[in-house]
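This report refers to the structure that appears directly beneath it.
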Amino acid sequence: MEKIIEIKNLTYAYPNQTKAALQNLSLTVNRGAWVALIGHNGSGKSTLAKLLNHLLTPSDGQILIDQIPVDDEHVDVIRNRVGMVFQNPDNQFVGATVADDVAFGLENRQMPHAQMQERVQMVLEEVHMWEFAEREPAHLSGGQKQRVAIASALAIEPQILILDEATAMLDPKGRFEMMEEVRQLKADLGPDLTVISITHDIDEAASADQVIVLNDGQLVETGTPDEIFTDAQKLQALGLDVPFAEQLKAKLAARGVAVPTQYETMEGMAEWIWQLISKK
């Protein structure tokens, strides 16, 4: 498959810090993939996200986005390809109204006014927020604010959408609804949109195509959810939770039930349990 992100021997150290936040990191991400980036607090996840959008400059190594170097020379090109949504959407709002906020990035890119209005309406309709176009962002709920932040990121038609702990401030229902919204957007916008979700929610990460595990600034492992989440002891040693479906399998196995050996999502386990009950 075609690579959209290539990271080569990447190191980043914050000023006045003796230990690098990222150390000699190398990995690739395929175009159109849904990638979950996981690790305990301080593992380097958000640092990597900021490096991908050139909000930070590497101490050493190189990042290529669509074969373009992420550096000062190409920063405008890179930021047209990479959209970001942060944990606290209030930190991203710059417009007096929802529509103004979504239009801000387009105005900076000198998009013609009529085209800009069409784009704003299109992305707000995509996230079901067009009816709030004239509302002040401060008067929205947490979930609505994140939808507007996603619309602002999508307005520039990025090739990569980075969600940096974007669901962390939402309740479980809100997290589920937001991720379903992003999945539908990805399906609507075409197969080439690459999504990188930085998350502490292991069940959210378990539905990704690729999982990248960081620990203390280093790459521990990368693979499919099936490859990453079946080793509960390793996850716990890294300070990570175990997906609920794997916890359930362990509980059933302890009671003598022969459980599936492969990784299962919650939906997969629910289907398996239903079939097990139906056979009795």
(request) Please report the closest heavy-atom contact between Pro58 and Leu10, naming both atoms and the distance. (result) CB-CD1, 3.5 Å

(message) For the CD atom of Gln87 and the CG atom of Asp164, what is their distance to the nearest 0.5 Å?
(response) 7.5 Å

(request) Start with the C-alpha gap between Val213 and Leu240, add the side-chain angles, then the distance that decides, and say whether side chain to side chain contact (heavy atoms under 4.5 Å, CB included) holds. (result) CA-CA 10 Å; Val213 186; Leu240 298 171; 4.1 Å; yes

(message) Would the distance check show the side chain of Asp71 and the main-chain N or O of Glu73 forming a donor-acceptor pair, the cut-off being under 3.5 Å?
(response) yes

(request) State yes or no: do Met84 and Leu154 share one hydrophobic cluster built from I, L, V, M, F, W and Y residues joined by side-chain heavy-atom distances below 4.5 Å, directly or via other members? (result) no

(message) Given 3.5 Å as the limit, does a donor-acceptor pair link the side chain of Lys45 with the main chain of Gly39, or not?
(response) yes

(message) With side chain to side chain contact (heavy atoms under 4.5 Å, CB included) as the criterion, how do Met269 and Trp272 come out once you've worked through the C-alpha distance, each side chain's angles and the decisive distance to 0.1 Å?
(response) CA-CA 5 Å; Met269 278 301 293; Trp272 177 81; 3.9 Å; yes

(message) Applying a strict under-4.5 Å side-chain criterion to I, L, V, M, F, W and Y, I'd like to know whether Leu64 and Val77 cluster together.
(response) no

(request) May I ask you to test the Arg109-Asn80 pair for a side-chain heavy-atom distance under 4.5 Å? (result) yes

(message) Let's go through Leu161 and Val82 carefully: what are the C-alpha distance in whole Å and the side-chain angles of both, what is the deciding distance for side chain to side chain contact (heavy atoms under 4.5 Å, CB included) to 0.1 Å, and is it a yes or a no?
(response) CA-CA 6 Å; Leu161 178 64; Val82 182; over 6 Å; no

(message) Between Lys3 and Glu6, does any side-chain N to carboxylate O distance fall below 4.0 Å?
(response) no

(request) Could you tell me the separation between the CG atom of Leu163 and the CD1 atom of Ile196, rounded to the nearest 0.5 Å? (result) 9.5 Å

(message) Tell me the closest heavy-atom pair linking Pro158 and Leu193, and the distance in Å.
(response) O-CD1, 3.6 Å

(request) Determine the minimum heavy-atom distance between Val242 and Ile202, stating which atoms define it. (result) C-CG2, 4.1 Å

(request) Check step by step if side chain to side chain contact (heavy atoms under 4.5 Å, CB included) holds for Asp76 and Ile78. (result) CA-CA 5 Å; Asp76 291 337; Ile78 293 301; over 6 Å; no

(message) Could you check whether any side-chain heavy atom of Arg135 comes within less than 4.5 Å of a side-chain heavy atom of Leu140, counting everything from C-beta outward?
(response) yes

(request) Could you grab the distance from atom CD1 of Ile162 to atom CD1 of Ile5, nearest 0.5 Å is fine? (result) 6.5 Å

(message) Could you tell me if the side chain of Ile212 sits less than 4.5 Å from the side chain of Leu219, heavy atoms only?
(response) yes

(message) Strictly distance-based, threshold 3.5 Å: is any side-chain N or O of Glu271 a donor or acceptor partner for the main-chain N or O of Gly268?
(response) no

(request) With rounding to the nearest 0.5 Å, note down the distance linking CG in Leu106 to CG in Asn108. (result) 9.0 Å

(message) Tell me if a side-chain donor or acceptor on Gln146 pairs with a main-chain N or O of Gly143 at a distance below 3.5 Å.
(response) no

(message) Checking Thr222 against Gln210 for the side chain to side chain donor-acceptor pair (under 3.5 Å) test, could you report, in this order, the C-alpha distance in whole Å, the side-chain angles of both residues, the deciding distance, and whether it holds?
(response) CA-CA 7 Å; Thr222 181; Gln210 177 187 1; 2.9 Å; yes

(request) For Ala20 and Gln23, work out which heavy atoms get closest and say how close. (result) O-NE2, 3.6 Å

(request) Not counting sequence neighbours, list each pair that qualifies as a ring-ring contact (aromatic ring centres under 6.0 Å, His included) and has a residue in residues 58-98. (result) none

(request) Evaluate the side-chain proximity of Asn9 to Gln62: yes if any heavy-atom separation is below 4.5 Å, no if none is. (result) no

(request) Indicate yes or no: does Asp66 engage Arg31 in a salt bridge with an N to O separation below 4.0 Å. (result) yes

(request) Would you please test Glu180 and Gln184 for side chain to side chain donor-acceptor pair (under 3.5 Å) and show each step? (result) CA-CA 6 Å; Glu180 287 300 302; Gln184 187 59 53; over 6 Å; no

(message) Could you work out, with side-chain contact (heavy atoms from CB on, under 4.5 Å) as the rule, every residue matching Glu204, not counting sequence neighbours?
(response) Thr167, Met179, Ser197, Thr199, Asp201

(request) Using modelled atom types only, decide if a donor and an acceptor are shared between the side chain of Thr11 and the backbone of Ser59 within a distance under 3.5 Å. (result) no

(request) Determine whether Val102 and Val123 make a side-chain contact, defined as any pair of heavy atoms from C-beta on separated by less than 4.5 Å. (result) yes

(message) I'd like to know if Val220 and Leu48 are part of one continuous hydrophobic network [Ile/Leu/Val/Met/Phe/Trp/Tyr, side-chain heavy atoms within less than 4.5 Å].
(response) no

(message) If I compare all heavy atoms of Leu252 with all of Val259, which pair ends up nearest, and what's the gap?
(response) CB-CG1, 3.7 Å

(message) If hydrophobic clusters are built by linking Ile, Leu, Val, Met, Phe, Trp and Tyr wherever their side-chain heavy atoms come under 4.5 Å apart, do Val182 and Ile160 end up in the same one?
(response) no

(message) So does Lys251 get a backbone contact from the side chain of Arg255, meaning a donor-acceptor N/O pair under 3.5 Å?
(response) no

(message) Measuring from atom CG of Leu235 to atom CD1 of Ile228, what distance do you get when rounded to the nearest 0.5 angstrom?
(response) 8.0 Å

(message) Just by distance, no angles: are the side chains of Asp101 and Ser152 close enough, under 3.5 Å, to form a donor-acceptor pair?
(response) yes

(message) Considering only residues two or more places apart or on different chains, which pairs with a residue in residues 1-46 satisfy ring-ring contact (aromatic ring centres under 6.0 Å, His included)?
(response) Tyr12-Tyr14

(request) Check the hydrophobic clustering (I, L, V, M, F, W, Y; side-chain heavy atoms under 4.5 Å; chains of links allowed) and say if Val35 and Val85 are grouped together. (result) no

(message) Would you compute the distance between atom CG of Leu52 and atom CD1 of Ile198 and round it to the nearest 0.5 angstrom?
(response) 7.5 Å

(request) Check whether any side-chain heavy atom of Lys145 sits under 4.5 Å from a side-chain heavy atom of Asp90, and report yes or no. (result) yes

(message) Is the shortest side-chain heavy-atom distance between Asp100 and Val94 below 4.5 Å?
(response) no

(message) Atom CD of residue position Gln110 - does it have more than 12 heavy atoms of other residues, nucleotides or ligands inside 6.0 Å?
(response) no

(request) Could you please spell out the steps behind the side chain to side chain donor-acceptor pair (under 3.5 Å) verdict for Asp72 and His54? (result) CA-CA 8 Å; Asp72 291 340; His54 204 54; 2.7 Å; yes

(message) If we check salt bridge (Lys or Arg N to Asp or Glu O under 4.0 Å) with Arg147, which of these qualifies: Glu181, Glu126, Glu125, Glu131?
(response) Glu181

(request) Taking all non-hydrogen atoms of both residues into account, name the closest pair between Val211 and Ala205 and its distance. (result) CG2-O, 3.8 Å

